[in-house]
Structure formats: structure tokens, C-alpha cells
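Structure first, then comments.
Note that these values count all heavy atoms, side chains included, but never hydrogens, waters or copies made by symmetry.
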Amino acid sequence: MAEDKKLVEAITSMDVDFAQWYTDVCKKAELMSYSSVKGCMIFKPAGYAIWENIKNELDRRFKETGVENVYMPMFIPESLLEREKDHVEGFAPEVAWVTYGGLNPLQERMCVRPTSETLFCDFYKDEVQSYRDLPKVYNQWCSVVRWEKETRPFLRSREFLWQEGHTAHATAEEAEARTQQMLNVYASFCEEVLAIPVIKGRKTDKEKFAGAEATYTIEALMHDGKALQSGTSHNFGDGFAKAFGIQYTDKDNKLKYVHQTSWGVTTRLIGAVIMTHGDNSGLVLPPRVAPVQVDIIPIMQKKEGVLDKAFEVMDTLKAAGLRVKVDDSDKNPGWKFSEQEMRGIPVRVEMGPRDIEAGQAIVVRRDTREKITVNISELADKIKEILDAMQVEMLERARKHRDEHTYVATNYDEFKDIVANKPGFVKAMWCGDQACEDKIKEDTTATSRCMPFAQEHLSDVCVCCGKPAKKMVYWGKAY
């Protein structure tokens, strides 16, 4: 048992140092490892498998709304990037530049894509001629590079994986509808698959995407009370179209500019899963995104018939549509239990000679550690039932945690006190003036997370300046 303890003791308690707990889980659950390239990370199989599940499920949902996948080059000529002034200014500090091709200096610098608006716009200007060519509803799965100063596994690295949707529409109304539609796809995915409750809303002008007319966001609350922007959807209006000359001939034979959108989620969703559901024993994965849903651990596996039965059960569970593995390594069972918990596998099945003789197995839930004895013939149905219950209850627990850590402030002293002493979201009224937003950030380090679609009237005046309020805003410290 001393060996079993070592594995868990390797994790710092989340109450002692949440940041170190997070890093420990990323490493000990073998989701990633550090790379010799500073600020970049290696996705190990367990981490990449979670991303594959996220990608596959999102891709399916995108395609149901008419999205088609394409792929753009990873290099953007400097002249192209500079076409849209706000956009280039927003990304300038994070851009990585290529100045040589082989041994020869390039005539024009190329940036390694931080995002692909400019490439899509350059493509659309030739692709779109008539109203018959619209809408274009494209997405690409790729990596991007942003030269971040401070990095953290999954949450912020210099190269990360994501999807970026880029669409072009005939009217402002169509573009706005698509912008909100994709935000809703993200929100339902986070809640239904990742068991993460989110707040949907609009970003303030200060926080919106560089070059966008409006940015919508889903905001989640992590276990430590910090907010995590978990997906964004942007309405570009016709700003990019005018900068790049993307025009089409309408039915009335008049030349018009297209209206565009862009939307994306990244591998930081893996970080969101870790920080929403994890505990001091490691990762806790919601069943729908878990690469392995059931870990069968044979007890006294060298005894005749034990391993054979474990693999037979695995085949039965796989045939029922479950993702299953048998841990037939030569580690002792206690170590295997700790490892299964560390990796966040939702259900553990323990079976030894006596269990097999009695035609039963022990089933253990990862989130609640509840143990039950189940007849082997009923395992598939029972485990499915447990996984369904886990999925629902993990979302409910996360929502309860968020609601219990969401506070209301109606004056500035109260606001500052809450931010300083109660980690979580703060709901407060705002006048709409960026000066108040700047002052709040300077005084408290909290930022506006979003102006939620579900508005509440908490007070008549701005929490910061006391002038008439225009919007209720969620505020918080964020990753």
C-alpha cells in the first residue's frame, strides 16, 4: 500500500496550491509532457485521445448545421495580415515571423498563423462573385502559434490545437444568426459532453476580438473560482469584406459586401475538464468524453481463468458500445486502482477468483467512489446506467459549485470585498463606459467576462461610478 500512496502523494492538494495541483494532474495522468521547445507541450496518447473525442463530437455537430471542412496554409504574408488595421494591432505582440526560406532571406516576412481571418478573406474575394455563391460555411481543424510570455499546459501554450470556423453571408441578419447558432453549439456541447455549465453572453468592446463587430462567449467557472473563456463566436459585419474587397452581385444586380463570422474552441477545453471535475486523486473524466470508460482490473490475475474471464467481459462490454480496457500489467491491484483514479477513468471493474466463481464483479464509480456488486451477466446494462447517471450528476455538481460561487454586488466597496475574499463570479451593473472597466481591472484584477443574454436588474446604477446602469455583467478573475 505504501507504493499506492506514492502515486497519489505525488499530487499537491488543490486546497494547498491549485496551480501546482493542476500541473501535477496533467503530468501524472500522462496527458502531456514538456517539450524542448520553450512554451510548447507534447500531447501524450491519453491527452490527445480526449482531444480526438472533443474534435469528433464537435465536428459531427458542426456538420449537422451545414459546415464543411477546409484547410488553409499555415503561413500568412505580412502584407495580407496588415489589410485589417484593428486585427493586426490585436495580434502583433503574439506573432511569430519566418524570415528565411532555406538559406535565403524572404522578400516578405511570413507570419505563422495566429488565426486565419486574413487567409479566408483572401480566398473568399475570388471565390464569391454572386449571391448564388453564398453562404460559405467553412471550418478548419489546425494548430496556431501565439508567442505567449507565460504558458500553462492546455490553457495557454505557444502552439495549440483548435478549430476555426469562417463564414460569409449575403446579409447582416444571416451572419448574426450563424454567430449565435455556433455559440449555442458550443454551449450545448460543453454541458452535454464535458458536463461543464456555461454562461452565454456578449463581450464588452474592450474584450471583443480584434476586428469584430461583436464577440459572443461561453464562460465557465473552474474549481478554484477563476473564470475560463471556453469558446467564442464573432460577428465581423462587413469590416473584413471592405478591407479585402469581398463583394458579390445581388439578385437586384447591385454589388454588395458580404457579412462574415468566425468562431473557435481550443485544446484549453481539456484544461477546463481537469479544473472543473478533478479532485485530489487526479483526473475525473465525464463518461461521454473519456477515451476509456471502463477499466477492468483482474485480482490475482495469475490464477487460472481470471485473465480469460476479464477479457471475455471486456469483449461483452465493447459489444455493448462501451470503451473498455483490461489492466493486465504486473503492477499490484492497489497500484492499478490508484492509476485508474489518477487517469480519471469513469468506472472500475474488479474481479478475482471468488467473484468469478460467484458470477459477479465489483463496480466502482470514479466520481463518488461508490462500490456495488453486480452479476457479470448484467454488467453491460448496469455500467451504462452508472455512466449515464455520472454524466448528469457531474454537470449538476459543477452547476451547484458555480451557483454557490456567484455573488451579487451593488456598490463598489462590496464589489472589491467580494473579489478579494470570495473566488467566483460577481454579478454587477455597469454603465457601459470603458473607464469603469479599466478601473475595476486596475483595482481588483477582475475583468468583465460577459454581458449575459439572461439579463437581471440588480440596481439602477453602475457598481463602479454610480451613473445610470446599462447592462448587468459577470466579472471575475480569469485564466
Side-chain angles (χ1 to χ4, degrees), residues 22 31 47 49-65 67 139 141 154-156 160-165 178-203 209 215-234 262-278 283-291 293 344 346 367 387-388 390-406 424-425 449-454 474 476 478-479:
Y22 175 79
L31 302 178
I50 296 171
W51 178 241
E52 284 181 311
N53 284 348
I54 288 172
K55 179 182 173 183
N56 293 341
E57 178 59 23
L58 272 175
D59 198 63
R60 182 186 68 77
R61 290 172 183 235
F62 291 166
K63 284 170 179 166
E64 283 177 359
T65 74
V67 174
N139 171 67
W141 293 94
F154 300 111
L155 298 178
R156 203 172 288 279
F160 55 89
L161 307 178
W162 78 346
Q163 57 74 213
E164 47 177 321
R178 173 58 69 170
T179 309
Q180 296 211 25
Q181 179 184 28
M182 299 318 292
L183 189 80
N184 288 330
V185 169
Y186 291 154
S188 62
F189 168 78
C190 280
E191 300 205 343
E192 292 166 11
V193 180
L194 305 185
I196 298 174
V198 295
I199 305 291
K200 293 189 289 187
R202 181 171 175 162
K203 287 285 190 187
F209 183 80
T215 289
Y216 301 106
T217 181
I218 52 170
E219 299 286 326
L221 192 70
M222 302 297 97
H223 188 80
D224 63 345
K226 281 190 181 174
L228 187 76
Q229 179 180 290
S230 302
T232 48
S233 189
H234 317 284
S262 177
W263 26 273
V265 297
T266 79
T267 37
R268 70 171 14 203
L269 284 178
I270 298 173
V273 169
I274 298 166
M275 292 194 291
T276 301
H277 302 300
L283 192 57
V284 183
L285 288 173
R288 286 183 192 160
V289 82
Q293 295 170 314
D367 58 338
L387 293 176
D388 287 345
M390 254 185 100
Q391 188 74 35
V392 170
E393 289 166 25
M394 286 177 73
L395 175 61
E396 284 172 357
R397 275 196 296 276
R399 186 174 281 123
K400 183 172 184 281
H401 177 268
R402 181 196 67 190
D403 294 348
E404 286 173 353
H405 293 83
T406 299
F425 284 131
R449 302 318 308 153
C450 72
M451 299 175 284
F453 296 142
Y474 274 82
Y479 282 99

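Considering only heavy atoms from C-beta on, Pro291 stays 4.5 Å or farther from Glu52 through its side chain. You'll find the side chain of Lys200 stays beyond 4.5 Å of the side chain of Glu219, heavy atoms only. By the 4.5 Å heavy-atom criterion applied to side chains, Leu31 and Phe154 are counted as neighbours. In this structure the side chain of Leu269 reaches within 4.5 angstrom of the side chain of Cys190, judged on heavy atoms. Counting heavy atoms from C-beta on, the side chains of Met394 and Leu285 never come closer than 4.5 Å. Under the 4.5 Å side-chain criterion, counting only non-hydrogen atoms from C-beta, Gln181 is in contact with Thr65. Residues Tyr479 and Asp224 form a side-chain contact, since some pair of their non-hydrogen atoms from C-beta on lies under 4.5 Å apart. Between Val265 and Ser230 the shortest side-chain heavy-atom distance does not fall below 4.5 Å.
At distances below 3.5 Å, at least one donor-acceptor pair connects side-chain atoms of Arg268 with backbone N or O atoms of Gln229. Of the possible polar contacts, one joining the His277 side chain to the Ala195 backbone as a donor-acceptor pair under 3.5 Å is found. In this structure, the side chain of Thr215 engages the main chain of Phe209 through a donor-acceptor pair within 3.5 Å. No side-chain donor-acceptor contact under 3.5 Å links Gln293 to the backbone of Arg288. Under the 3.5 Å distance criterion, the side-chain polar atoms of Ser262 are matched with a main-chain donor or acceptor of Gly165. His223 contributes no side-chain N or O that, together with a main-chain N or O of Ile274, makes up a donor-acceptor pair within less than 3.5 Å.
A distance of 5.5 Å separates CE of Met222 from CD1 of Ile196, quoted to the nearest 0.5 Å. We find the CD1-CZ distance between Ile218 and Arg449 to be 12.5 Å, quoted to the nearest 0.5 Å. Once rounded to the nearest 0.5 Å, the distance linking NZ of Lys55 with CD1 of Ile50 reads 15.5 Å. Taken to the nearest 0.5 Å, the CD atom of Gln163 stands 11.5 Å off from the OG1 atom of Thr267.
Remark: Glu393 does not engage Lys400 in a salt bridge, criterion side-chain N to carboxylate O under 4.0 Å. The pair Arg399-Asp403 fails the salt-bridge criterion, with no side-chain N (NZ, NE, NH1 or NH2) lying under 4.0 Å from an Asp/Glu carboxylate O.
The two atoms that bring Val289 and Leu194 nearest to each other are CG2-CD2, 3.7 Å, heavy atoms only. Scanning both residues, Leu183 and Gly231, for their nearest heavy atoms gives CD1-O, 4.4 Å. In this structure, Ala398 and Thr276 approach most closely via the heavy-atom pair CB-CG2, 3.8 Å. Closest non-hydrogen pair, Pro452 versus Ile199, comes out as CB-CG2, 4.1 Å. Shown here for Gly271 and Leu155, the closest heavy-atom pair between the two residues is CA-CD2, 3.9 Å. In terms of heavy-atom proximity, Tyr186 sits nearest to Gly264 at OH-N, 3.0 Å.
The side-chain hydrogen bond (donor to acceptor under 3.5 Å, both in side chains) check on Arg61 picks up Glu57, Ser188, Glu192, with sequence neighbours excluded.
Phe62 and Trp263 have perpendicular rings, their planes meeting at more than 60° on a 0 to 90° scale where under 30° would count as parallel.
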